[in-house]
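Note that the structure is a prediction, hence the values are computed from the model and not measured. Just so you know, ligand 1 is whichever comes first in the structure, and atom 1 is the first atom listed for that ligand. Residues: numbered from 1 along the sequence shown.
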Amino acid sequence: MRAPVPTPSRTLRSEMTRPVAKDAGTPLMQQYREIKARHSDAILFFRMGDFYEMFYDDAEVASRVLGLTLTSRNNGGAAEVPLAGVPVKALNEYLRRLVSQGFRVAICEQVEDPKLAKGIVRREVVETITPGAAFADDLLDGARNNFLCALNASRPVAGIAAVDLSTGELRLATASASDVAPVLARLAPSELLVAREKSGDAAELDLVTYSDENVLVTEREAWEFDPALGADEITRQFAVASLEGFGIGADDASAVGAAGALLRYLRELQPSGVPHLARPVVERPGSAMPLDDMTRRNLELVESLRGGAPGDTAGTLLGVLDRTTTPMGARLLRQWILTPLTDRAAIEARLDAVEALAADSLARAALRSALDGVRDVERLAGKTAAGRATPRELAALGASLARLPAVHEAASRVSGAGAIAPLLARWDACADIAGEIASTLVERPPLAIGDEESVREGVDAGLDELRALRRGGKDAIARIQSTERERTGISSLKVGYNKVFGYFISVTNSNRHLVPEHYQRRQTLSSEERYVTPELKEYEEKVLTAAERIEAREREIFESLRARTGKAVERLQCASSILAQLDVLATLAEVAEHEGYVRPEMHDGFELEIVGGRHPVVERMMPREKFIPNDLVLTDDARMVILTGPNMAGKSTVLRQVGLIVLMAQMGGFVPASRARIGIVDRVFTRVGASDNLVRGQSTFMVEMSETSAILHTASARSLVLLDEIGRGTSTYDGVSIAWSVSEHLHDAVRCKTVFATHYHELTQLAEELVAVRNYNVAVREVGDEVLFLHKLQPGGADRSYGIEVGRLAGLPDPVLRRARQVLRLLEGGHLVQGKQEAGGRKQETAQQLGLFEPSKPHPVVEQLKAVDVDGLTPRQALELLARLIEEARE
Ligand code: ADP
Ligand code: MG
């Protein structure tokens, strides 16, 4: 997690409290300082004409981060003030660079017309942009939400509120202390609000295991998280009398407190309000599977272990599944992957829809092509409601809505299918909105009003009249050219236009003598003279005032259209959510078809049976026939599988594919297998031993153990636990012992489904001791001195490790390999296994089993020495014994 607030605030404050006299200087700097004092934690972009200027430390930070030239401003003869500026036109690019590095930027605008201002122009901060509070497309990734979260670290139930300002989503969630980290990991906020002085509590709440480095932590006052204040904030924001209508109850108090802090913060960032927030959605614990951070990472659900740029999904499940056509579909798919369901009816509803779409390729193709070209309705609607959409964006929203009938028609072909039916039941094509936008705006309006025409002919009589006037004026001016040519006899006479002089008549030097008296000279160039006439100026006046009034009128019409559309934001968000769901369902069907996935049979029992299972990501990295499918069954009386085999055999792949298949099924998708029967699990846990764990460079055995301990505490009998080389981060004996006892606990106390991959073949002996343990190994074949990896799972434990063969594959020199084989034989020779007793008291047996990890049985002479009763021997007997022992020892 990023340290709280990496802003220049501290240094800035000291700068600001510098003796005022020194740079009291101009009133402008006084105004600056007043505003800056209220935004000391942000970089202040201070609007001056066509630039945003930064002063003092802001200027220094910005020049360093943005590579701007640092200059200085002479401040009324006193101290020089460091200064850096960015052109207004390039605002978004500079914002992106600052915000992506975790800075806040406060935008201070001139809020009155400089021409009308008496004295200094009034300025105000109109918004503050932070990593968690951004609208501009440049700052956002279309394929994922940008959440700003607030955490109310109360006990025993913590509250989390999340808002995506760009889409208007607002969510409330409550979670027990141990589930806070998984909830945050799923939302992956770019900014997190926590109560000041309560960071201790936050740490206690397992936030330590939520270790996203990209999150900016913002501290707020503790009282802001008060649930009563939160209720006020919510009712005020949505203008409702009580929270009941939102389904918010007493149990949600902690989340309401978090929402209060969130809304208050948003009011500071967006003083003009956030009218586009959608009604809060309450997420209830239990409806979805909490996936902890390590499981999400180890299974490479949305980000790969190799790291890579943010948004890079290569090598992840998301990368394989994401064939969505719309941005809101892409975002929803990501959410579905991170929020597998646990309710069978809900899972089956999605599966029914996917099955229908997979079976009807025509419907699927029609649906996907109707969705193709639908833009980000959700974010466009948000911008529209927030009064930020440009004419071009509003037109894009309209054009996207215009595709809804085609989407509906395609989806209707499979209308009865599971999750699709309820979507079509609440269908609203927003035809009125689409129609109004289409009939008001031209097909491709400009980015800003005034550049080109935005509003269609025939929409507004006043506008049409003004345009006719302007056209008339232009025509009249064009006519002046021909009449003046005739009148003066100058055939090369031209009427031209430039910004400084307006319309003019130009005459080349050679014709100057023909110019009539009443022409008034305006400008002399080397080859021509430029004149105006009263008639020309009269029309010019008409054209220019008409242009000004046209722009004003267009703006009025556009803004009222935008406001009316914005009022329908809830309908638009609803339409967007339906589009997103159709997109994801069609995508899951499309991928299922392409990749040969099957519908899993879901049931509420315990058993998990996978026939011909594949790893969805690994299989894509090789030619199709190269990937070897594997079967795996876990039942109540064979609920733990110990998976052994040499390095590189494919243990981790099998282990992860089991987890992925279960998660894919529970998100409502088809799975890479030839058949799968899946007893719904309440959670999937995945842990990878320290040395296999690429996630944390600094990973230690301690981390591995604390993660394992978290599983032992939270897993239930309905969980699926996947352990990969746990215990590897320490010495062999420690490691084997811990792995052994963890397995015993999972088997005896938790009784969950477990797959444990290990290269310690000692663990195969667990099967002789625990009734529900089965050994499997990943087959290898020895050909001479070489080892062939078959990647095929088979019953039984691996007989040995083949580590040396892997060493050979890795290119260890021959003499080293020869010596390694010798040493291995020596070690194996001494590595005797003690008494494998038949049934009987297991505890006692365990103690004996553990003896097997001792390096070797002591030498028989030592055993005999230990047994000697010195007091019971005569000197002669003692001598005889000594002679015999010496003889034996020399053998
Ligand atoms: P282990 O965990 O046993 O060391 P991995 O699961 O990491 O082995 O697999 C090592 C490599 O073997 C993988 O990167 C992959 O290329 C290949 N592999 C694994 N399983 C299969 C399989 N079922 N079919 C084909 N290749 C596989
Ligand atoms: Mg492995």
Side-chain angles (χ1 to χ4, degrees), residues 294-295 297-300 304-306 314-317 319-320 595-597 610-632 641-661 671-674 676 685-696 699 704 707-708 721-729 732 735-736 739 754-764 775-782 786-810:
M294 291 314 294
T295 301
R297 289 172 186 235
N298 285 327
L299 291 180
E300 304 189 282
S304 94
L305 286 175
R306 282 179 306 281
T316 68
L317 180 63
V320 170
E595 305 294 331
Y597 296 171
I610 297 171
V611 180
R614 284 129 45 205
H615 190 300
V617 180
V618 175
E619 73 166 337
R620 289 270 298 260
M621 295 174 177
M622 50 185 75
R624 178 147 300 181
E625 67 287 353
K626 280 263 162 64
F627 191 90
I628 314 296
N630 274 304
D631 306 344
L632 193 102
V641 162
I642 303 289
L643 204 58
T644 43
N647 270 319
M648 294 302 288
K651 300 182 295 299
S652 299
T653 306
V654 169
L655 181 105
R656 284 171 206 202
Q657 89 194 20
V658 171
L660 286 169
I661 286 172
V671 297
S674 51
F685 293 95
T686 310
R687 288 298 179 276
V688 175
S691 57
D692 250 20
N693 186 347
L694 306 168
V695 178
R696 304 168 192 241
S699 185
E704 179 185 327
E707 285 170 5
T708 307
V721 174
L722 305 169
L723 300 175
D724 195 354
E725 305 282 13
I726 287 297
R728 205 187 207 187
T732 305
V736 174
T754 307
V755 182
F756 196 150
T758 178
H759 71 289
Y760 293 138
H761 57 270
E762 289 88 342
L763 290 186
T764 55
N775 281 321
Y776 280 87
N777 71 86
V778 193
V780 289
R781 185 188 299 149
E782 285 173 85
E786 298 196 7
V787 171
L788 216 60
F789 294 105
L790 303 179
H791 302 306
K792 192 72 191 166
L793 217 53
Q794 60 187 19
D799 45 357
R800 54 195 197 85
S801 292
Y802 298 95
I804 295 172
E805 284 72 12
V806 175
R808 189 187 58 76
L809 284 179

Is there a donor-acceptor pair closer than 3.5 Å between any side-chain N or O of Thr686 and the backbone N or O of Leu722?
no
N/O separation below 3.5 Å, Phe627 to ligand 1:
no
Using a distance threshold of 2.8 Å, state whether an N, O or S atom of Ser652 lies below it from the Mg ion (ligand 2).
yes
With no hydrogens and no angle check, is any side-chain donor or acceptor of Gln657 less than 3.5 Å from a backbone partner on Gly613?
yes
Test your reading of the structure: does Ala649 have an N or O sitting under 3.5 Å from an N or O of ligand 1?
yes
Proximity of Pro629 to ligand 1 by residue part, where a heavy atom lies under 4.0 Å
neither
Asn775 side chain to Thr764 backbone, donor-acceptor under 3.5 Å
yes
Does Pro629 offer a backbone N or O that forms a donor-acceptor pair with the side chain of Lys792 under 3.5 Å?
yes
So if I count the atoms of ligand 1 from 1 in the order they appear, which ones are less than 4.0 Å from some heavy atom of Asn647?
4 (O)
Run down the list Asp724, Leu655, Thr653 and name the one with the heavy atom closest to atom 20 (N) of ligand 1.
Thr653
Within ligand 1, which atoms have a heavy atom of Gly650 less than 4.0 Å away?
1 (P), 3 (O), 5 (P), 6 (O), 8 (O), 9 (O), 19 (C), 20 (N)
The answer for which part of Lys626 has a heavy atom under 4.0 Å from ligand 1 is backbone
Look at the side chain of Asn298 and the backbone N and O of Arg656, then say whether any donor-acceptor pair between them is shorter than 3.5 Å.
no
Among His791, Lys792, Glu625, which one has a heavy atom closest to atom 17 (C) of ligand 1?
His791
Kindly give the heavy-atom pair with the smallest separation between Arg620 and Val320, and that separation in Å.
NH1-CG1, 3.5 Å
May I ask you to list the atoms of ligand 1 that are less than 4.0 angstrom from any heavy atom of Met622?
16 (O), 25 (C), 26 (N)
Which of the numbered atoms in ligand 1 are under 4.0 angstrom from any heavy atom belonging to Pro646?
3 (O)
Checking the side chain of Asp631 only, and the main-chain atoms of Gly612 only, is there a donor and an acceptor separated by less than 3.5 Å?
yes
Is the backbone of Phe756 close enough, under 3.5 Å, to the side chain of Lys651 for a donor and an acceptor to pair up by distance?
no
